[in-house]
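Quick caveat, the model's predicted, so the values are computed rather than measured. When a residue number appears, it is its place in the shown sequence, counting from 1.
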Amino acid sequence: MKPYRWRVSDRLWEQLAPLLADPPRRFRSPGRLRHPPRACLEGILYVLFTDTPWLEVPYRELGLPSGETCRRRLEEWSARGLLEQALLVLQERLAEADKLDWSRVIVDASLVEAKKGARRSRARTGAALEAATTWP
């Protein structure tokens with residue numbers, strides 16, 4: 001049986017485990033036990049591979065944490081700067097295996113913050129100069 005594409009191999013997890021390790025639990029009131037980071041990473045990869053919305057992840061059938069748990073963990077890793085470090089490890093591994101195809105890279109500015117009501121630069125929009133007016 002062929003393994004699922006979103007499953008993380010043991011060899012890759014050895015490199016990612018120190019980066020994505022959970023913070024230590026509190027001594028008093030430790031709260032609920034968290035899902036393992038590897039399972040959360042596999043849930044995130046499942047969403048990326050299948051383009052499934054977070055709330056529709058069939059987590060029970062796949063043995064993964066819920067989609068919402070995976071999304072929160074992704075946000076946590078991103079806020080702590082761990083996601084960038086993990087991506088660098090993945091890029092290195094892909095480059096070593098000669099499986100990194102930079103010709104398919106797309107630069108997208110849809111996540112760049114745009115201020116409401118900000119005036120656009122005429123140079124970038126190509127807007128013509130305003131006509132002179134004779135109105136008093």
Side-chain angles (χ1 to χ4, degrees):
M1 184 171 143
K2 186 177 177 183
Y4 294 118
R5 295 178 62 186
W6 59 84
R7 296 290 184 196
V8 178
S9 69
D10 292 335
R11 197 169 126 222
L12 177 60
W13 184 247
E14 286 176 10
Q15 292 179 318
L16 293 176
L19 295 174
L20 301 178
D22 287 335
R25 293 181 75 186
R26 296 182 305 237
F27 178 70
R28 291 180 184 228
S29 305
R32 296 173 91 181
L33 189 61
R34 293 167 58 113
H35 286 280
R38 183 176 184 171
C40 291
L41 178 62
E42 289 179 349
I44 293 165
L45 293 174
Y46 174 82
V47 168
L48 292 174
F49 274 110
T50 62
D51 199 27
T52 302
W54 290 112
L55 296 176
E56 295 178 16
V57 173
Y59 60 94
R60 287 188 180 104
E61 293 85 354
L62 298 173
L64 298 171
S66 71
E68 190 62 22
T69 298
C70 295
R71 184 196 60 78
R72 281 194 306 265
R73 191 69 65 95
L74 177 65
E75 286 181 359
E76 175 189 322
W77 289 340
S78 182
R80 291 172 48 200
L82 302 177
L83 187 62
E84 286 183 43
Q85 294 174 18
L87 288 175
L88 289 174
V89 169
L90 292 173
Q91 283 179 352
E92 289 172 7
R93 287 280 312 272
L94 288 171
E96 289 170 4
D98 200 28
K99 292 188 177 185
L100 195 57
D101 184 8
W102 289 106
S103 67
R104 299 189 64 184
V105 172
I106 298 173
V107 177
D108 183 10
S110 63
L111 299 176
V112 176
E113 184 179 342
K115 303 289 184 190
K116 287 187 177 182
R119 299 188 72 186
R120 289 189 171 186
S121 166
R122 286 193 181 119
R124 286 190 295 174
T125 62
L129 294 174
E130 294 180 23
T133 181
T134 56
W135 190 259

Would you find more than 12 non-hydrogen atoms of other residues, nucleotides or ligands less than 6.0 Å from Glu84 atom CD?
no
Atom CZ in Arg25, atom CG in Leu33: separation rounded to 0.5 Å?
5.0 Å
Tyr46 with Leu90, same ILVMFWY side-chain cluster at under 4.5 Å:
yes
When clusters are formed by joining ILVMFWY residues with side-chain heavy atoms under 4.5 Å apart, either directly or through shared neighbours, do Leu48 and Tyr4 land in the same one?
yes
What distance separates Leu12 CG from Leu41 CG, expressed to the nearest 0.5 Å?
7.5 Å
Presence of salt bridge, Arg71 and Glu75, under 4.0 angstrom
yes
If you round to the nearest 0.5 Å, how far is CD of Gln85 from CG of Leu19?
5.5 Å
Distance from Glu76 atom CD to Leu20 atom CG, nearest 0.5 Å?
10.0 Å
All salt bridge (charged side-chain N to carboxylate O under 4.0 Å, His left out) counterparts of Arg7, not counting sequence neighbours
Glu42
Does Trp6 share a hydrophobic cluster with Leu87, counting links as ILVMFWY side-chain heavy atoms below 4.5 Å and allowing steps through other members?
yes
Between Glu92 and Gln15, is a side-chain contact (heavy atoms from CB on, under 4.5 Å) present by the stated rule, with each step listed?
CA-CA 11 Å; Glu92 289 172 7; Gln15 292 179 318; over 6 Å; no
Can you tell me how far apart CG (Leu82) and CG (Leu74) are? Round to the nearest 0.5 Å.
11.0 Å
Mind checking whether Arg80 and Pro23 have side chains closer than 4.5 Å, heavy atoms only?
yes
Give the minimum heavy-atom separation between Cys70 and Gly43, together with the two atoms involved.
SG-CA, 3.6 Å
Kindly give the heavy-atom pair with the smallest separation between His35 and Cys40, and that separation in Å.
CB-SG, 3.9 Å
Among pairs that include at least one residue of residues 48-95, which meet ring-ring contact (aromatic ring centres under 6.0 Å, His included), considering only residues two or more places apart or in two chains?
none
